[in-house]
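It should be emphasised that the depicted structure is a prediction, and the values quoted were computed from it without experimental measurement. Hydrogens, waters and symmetry mates play no part in the numbers below; they use all other heavy atoms, side chains included.
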Amino acid sequence: LALSLPLVGLNALELDKDSSVLNFVTVKNDSVAELMSFTSLSGSLDDETGKAELNIDLSSVASGVDIRNDRMREHLFQIDKFPTATYTTELDMAELKAMSAGEQKPIDLKGDLKLHGKTAAVSFKVIVTKLKDGSYHAATSAPTFISASSFELEPGISKLRSLASLASIDLVVPVTFSVVFK
């Protein structure tokens with residue numbers, strides 16, 4: 001019976017959590033930019049089909065200010081209803097497998113970001129490097145701009161602005177990442 005079960009995940013490369021990071025920048029009052037990140041990422045890359053998934057634990061938001069982290073979790077991301085964001089895309093594995101160790105290749109990733117119960121098409125310009133051990137490192141070569149409006153996050157941003165007594169918080173944030181799949 002055990003031998004008849006489908007073999008799941010045999011072709012999957014897993015995200016190396018210790019070597020991966022996702023950053024974003026917020027701008028408040030039209031002049032103060034702050035770097036933030038998520039400290040808990042997971043994901044996989046199917047080395048046959050090229051299907052890739054990056055999961056972001058939204059409770060792991062790290063802004064450098066505890067009360068702001070709490071407010072973002074509750075009012076912006078609403079982690080009780082929407083605990084994760086997920087980016088899915090597909091890569092040309094034949095092209096990546098043909099790379100030599102140390103070789104780099106620019107790739108335009110086209111995929112879908114699911115955040116706050118909404119899904120929107122999101123593209124990233126990345127540089128993929130094949131590492132000696134056969135794993136892949138992908139890093140953005142330019143930020144991608146994510147609009148809060150695409151995910152109906154404006155009410156949460158308005159609440160954060162009010163709680164912090166700010167004149168404004170930009171509705172568009174640049175996002176960058178550096179991830180390793182082993």
**Student:** Are a donor atom and an acceptor atom from the side chains of Glu154 and Ser149 found within less than 3.5 Å of each other?
**Tutor:**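 Yes, side-chain donor-acceptor contact under 3.5 Å.
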**Student:** Do Leu153 and Leu115 have side-chain heavy atoms sitting under 4.5 Å apart?
**Tutor:**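 A side-chain contact under 4.5 Å exists here.
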**Student:** For a 4.5 angstrom cut-off between non-hydrogen side-chain atoms, does Thr86 reach Leu54?
**Tutor:**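 Contact flag for Thr86/Leu54 side chains = no.
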**Student:** Is any NZ, NE, NH1 or NH2 atom of the basic residue among Lys51 and Asp46 found under 4.0 Å from an Asp or Glu carboxylate oxygen of the other?
**Tutor:**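 Result for this pair is no, no salt bridge flagged.
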**Student:** Could you verify whether a donor N or O on one side chain and an acceptor N or O on the other, from Ser63 and Arg68, lie under 3.5 Å apart?
**Tutor:**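 The answer is yes; a qualifying pair exists.
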**Student:** Give a yes-or-no answer on whether the side chains of Asn29 and Ser31 include a donor-acceptor pair shorter than 3.5 Å.
**Tutor:**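 Per modelled atom types, Asn29 and Ser31 side chains form no pair under 3.5 Å.
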**Student:** Between Val21 and Leu113, is there a shared hydrophobic cluster once you connect ILVMFWY residues whose side-chain heavy atoms come closer than 4.5 Å?
**Tutor:**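 Result: no, two separate clusters.
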**Student:** Taking Phe151's backbone N and O only, do any of them form a donor-acceptor pair with His116's side chain (distance below 3.5 Å, no angle check)?
**Tutor:**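 Yes, His116 side chain to Phe151 backbone: donor-acceptor pair under 3.5 Å.
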**Student:** For the residue pair Gln104 / Thr129, report whether a side-chain donor-acceptor contact shorter than 3.5 Å exists.
**Tutor:**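 There is such a pair (donor and acceptor under 3.5 Å, judged by atom type) between the side chains of Thr129 and Gln104.
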**Student:** Under a single-linkage definition using a 4.5 Å side-chain heavy-atom cutoff for Ile, Leu, Val, Met, Phe, Trp and Tyr, are Met99 and Leu109 assigned to the same hydrophobic cluster?
**Tutor:**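 Yes, Met99 connects to Leu109 through the hydrophobic network.
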**Student:** Count the heavy atoms belonging to other residues, nucleotides or ligands that lie under 6.0 Å from NZ of Lys97, then report whether that count exceeds 12.
**Tutor:**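 Above 12, so yes.
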**Student:** Side chain of Ser60, backbone of Thr39: donor and acceptor closer than 3.5 Å?
**Tutor:**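 Side chain of Ser60 to backbone of Thr39: a pair is present.
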**Student:** Can Lys118 and Glu152 be counted as an ion pair, charged N to O under 4.0 angstrom?
**Tutor:**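 The answer is yes: the pair qualifies as a salt bridge.
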**Student:** Is there a path of hydrophobic side-chain contacts, each under 4.5 Å between heavy atoms of I, L, V, M, F, W or Y residues, that connects Phe77 with Val175?
**Tutor:**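 Linked within one cluster.
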**Student:** What about Leu76 and Ile79, same hydrophobic cluster or not, with Ile/Leu/Val/Met/Phe/Trp/Tyr joined at side-chain heavy-atom distances under 4.5 Å?
**Tutor:**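 Yes, it is one cluster - the side chains of Leu76 and Ile79 are joined through contacts under 4.5 Å.
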**Student:** Find out if a path of hydrophobic residues (ILVMFWY) with successive side-chain heavy-atom gaps under 4.5 Å connects Val180 to Leu91.
**Tutor:**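 Unlinked, Val180 and Leu91 end up in two clusters.
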**Student:** Going by distance alone, is a donor N or O of one side chain under 3.5 Å from an acceptor N or O of the other, for Ser19 and Asp16?
**Tutor:**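 Distance-only check passes for Ser19 and Asp16.
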**Student:** Is Thr140 reaching over with its side chain to a backbone N or O of Thr176, donor-acceptor style, under 3.5 angstrom?
**Tutor:**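 No, because the side chain of Thr140 does not come within donor-acceptor range (under 3.5 Å) of the backbone of Thr176.
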**Student:** Please check if the number of heavy atoms outside Asp66 that lie under 6.0 Å from its CG is greater than 12.
**Tutor:**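 No, not enclosed.
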**Student:** Main chain of Glu53, side chain of Thr88: is a donor-acceptor contact present, judged purely on distance under 3.5 Å?
**Tutor:**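 No, because the side chain of Thr88 does not come within donor-acceptor range (under 3.5 Å) of the backbone of Glu53.
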**Student:** Between Glu34 and Lys28, does the salt bridge (charged side-chain N to carboxylate O under 4.0 Å, His left out) criterion hold? Intermediate values first, please.
**Tutor:** CA-CA 8 Å; Glu34 296 174 306; Lys28 63 184 181 186; 3.4 Å; yes
**Student:** Is a donor on one side and an acceptor on the other found under 3.5 Å between the side chain of Thr144 and the backbone of Ser123?
**Tutor:**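 A pair under 3.5 Å: yes.
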**Student:** Evaluate the side-chain proximity of Val25 to Val173: yes if any heavy-atom separation is below 4.5 Å, no if none is.
**Tutor:**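 No, every pair of side-chain atoms sits at 4.5 Å or beyond.
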**Student:** For residues Lys130 and Lys105, determine if any side-chain heavy atom of one lies less than 4.5 Å from a side-chain heavy atom of the other.
**Tutor:**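 Of all side-chain heavy-atom pairs linking Lys105 with Lys130, none is under 4.5 Å.
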**Student:** My understanding is that only one of Asp30, Ile157, Thr26 makes a side chain to side chain contact (heavy atoms under 4.5 Å, CB included) with Asp170; could you say which?
**Tutor:**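 For Asp170, the side chain to side chain contact (heavy atoms under 4.5 Å, CB included) test succeeds with only one of Asp30, Ile157, Thr26, which is Asp30.
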**Student:** Is there side-chain contact between Ile169 and Leu160, with heavy atoms separated by less than 4.5 Å?
**Tutor:**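 Yes, side chains in contact.
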**Student:** Would you say that Val32 contacts Val27 through its side chain, given a criterion of any heavy-atom pair below 4.5 Å between the two side chains?
**Tutor:**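 Not in contact.
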**Student:** Could you state the interatomic distance from CG (Asn55) to NZ (Lys114), rounded to the nearest 0.5 Å?
**Tutor:**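 Taking CG in Asn55 and NZ in Lys114, the distance rounds to 11.0 Å.
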**Student:** With ring centroids as reference points, do Phe177 and Tyr87 lie under 6.0 angstrom apart?
**Tutor:**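 They do not qualify: ring centres at least 6.0 Å apart.
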**Student:** Indicate the atoms forming the closest heavy-atom contact of Val61 with Phe24, along with that distance.
**Tutor:**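 Between these two residues, the closest heavy atoms are CG2-CZ, 4.0 Å.
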**Student:** When you measure from the side chain of Tyr136 to the backbone of Leu45, do you find a donor-acceptor pair of N or O atoms at a distance under 3.5 Å?
**Tutor:**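 Absent.
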**Student:** With distance as the sole criterion, is a donor-acceptor pair present between the side chains of Gln78 and Asp80 under 3.5 Å?
**Tutor:**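 No donor-acceptor contact under 3.5 Å links the two side chains.
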**Student:** Within the structure provided, determine whether Asp108 and Lys125 are in side-chain contact (heavy-atom separation under 4.5 Å).
**Tutor:**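 Asp108 vs Lys125: side chains touch.
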**Student:** Would you indicate whether the side-chain heavy atoms of Leu58 and Phe38 approach each other to under 4.5 Å?
**Tutor:**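 Yes, at least one pair of side-chain atoms sits under 4.5 Å.
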